[in-house]
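Notes to accompany the following structure.
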Amino acid sequence: MKFFVDTAELSDIRELAATGLVDGVTTNPSLVAKSGRDFIDVVKEICEVVAGPVSAEVTATDFHGMVREGQKLAKIAPNVTVKVPLTVDGLKACKALTGEGAMVNVTLCFSPSQAILAAKAGATFVSPFVGRLDDVSGDGMSLIAEICEIYANYPDFRTEVLVASIRHPLHVVEAAKIGADVATLPPKVLRQMFQHPLTDKGLAAFLADWEKTGQRILGGEAEDQKRGQA
Ligand code: E4P
């Protein structure tokens, strides 16, 4: 399963990319607005930090506008993935842009029928929003399961299922059980995934016992020479 981070904050992206666990980044107009940064500058900088796909969303709503904006965004760096909404014009733009060799992420997917259309339009990624469905008493994870089941029936569908609008680590676990290709995680959720109180407690106990031995692994040159390890 690939992990993308869902943010336009460079400090978060740098910190999390340093773990070696980040395969890409997703942004959207709301996240760019929250960053307070210039859109093109921020996408360029993210692409310098992360080698994998970096989603940058168009804001035009008509086919020609989306294609022109997508072409501009795709020129920022080879790893830019143009993000288009799941509308008729968005899917037309998806087909045109992928035909020109760009990666395209079709966003705002809320139903299996929309996901079928995205795959037929040649999307590189489709982004079903699990959290926003859960928020309105829907079942986001059932949507992921349905899309994965459908795509598995058609090996010529190359579209990867990118689980978006993730709210907590359990969403990631459930998506992984289903076999979704990618999860895009808010930085907070990726940080939460590392945490377990028994890890902290266990480590504190190991270190306290180790302290009692008075030993050091990096014990200095004299000790290493004595063992012939210098
Ligand atoms: C990612 O591509 C989406 O834009 C994002 O996951 C939406 O998340 P939200 O529902 O928390 O805004």
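Counting convention: from 1, in listed order, for ligands and their atoms alike.
- Each of Leu97, Val80, Thr81 was scored for a side-chain contact (heavy atoms from CB on, under 4.5 Å) with Leu73, with one residue passing: Val80.
- For Phe39, the ring-ring contact (aromatic ring centres under 6.0 Å, His included) criterion is met by no residue, not counting sequence neighbours.
- Among residue pairs with one or both ends in residues 144-166, those qualifying as ring pair (Phe, Tyr, Trp, His ring centres under 6.0 Å) are Tyr151-Phe157, Tyr154-Phe157; sequence neighbours excluded.
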Less than 3.5 Å apart, N/O on ligand 1 and N/O on the protein: could you list those pairs with the distances?
from: ligand 1; atom 1: 2 (O); to: Lys83; atom 2: NZ; distance (Å): 2.6
from: ligand 1; atom 1: 4 (O); to: Asn28; atom 2: ND2; distance (Å): 2.7
from: ligand 1; atom 1: 4 (O); to: Lys83; atom 2: NZ; distance (Å): 3.2
from: ligand 1; atom 1: 6 (O); to: Asp6; atom 2: OD2; distance (Å): 2.6
from: ligand 1; atom 1: 6 (O); to: Ser165; atom 2: N; distance (Å): 2.8
from: ligand 1; atom 1: 10 (O); to: Arg132; atom 2: NE; distance (Å): 2.7
from: ligand 1; atom 1: 10 (O); to: Ser165; atom 2: OG; distance (Å): 2.6
from: ligand 1; atom 1: 10 (O); to: Arg167; atom 2: NH1; distance (Å): 3.3
from: ligand 1; atom 1: 11 (O); to: Arg167; atom 2: NH1; distance (Å): 2.8
from: ligand 1; atom 1: 12 (O); to: Arg132; atom 2: NH2; distance (Å): 2.8

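- Annotation: ring pair (Phe, Tyr, Trp, His ring centres under 6.0 Å) contacts involving residues 80-134, sequence neighbours excluded, comprise Phe4-Phe125, Phe110-Phe129.
- The main-chain N or O of Ser55 is never found under 3.5 Å from a side-chain atom of Asn105 such that the two would form a donor-acceptor pair.
- The distance from atom CG of Leu133 to atom OG of Ser111, rounded to the nearest 0.5 Å, is 9.0 Å.
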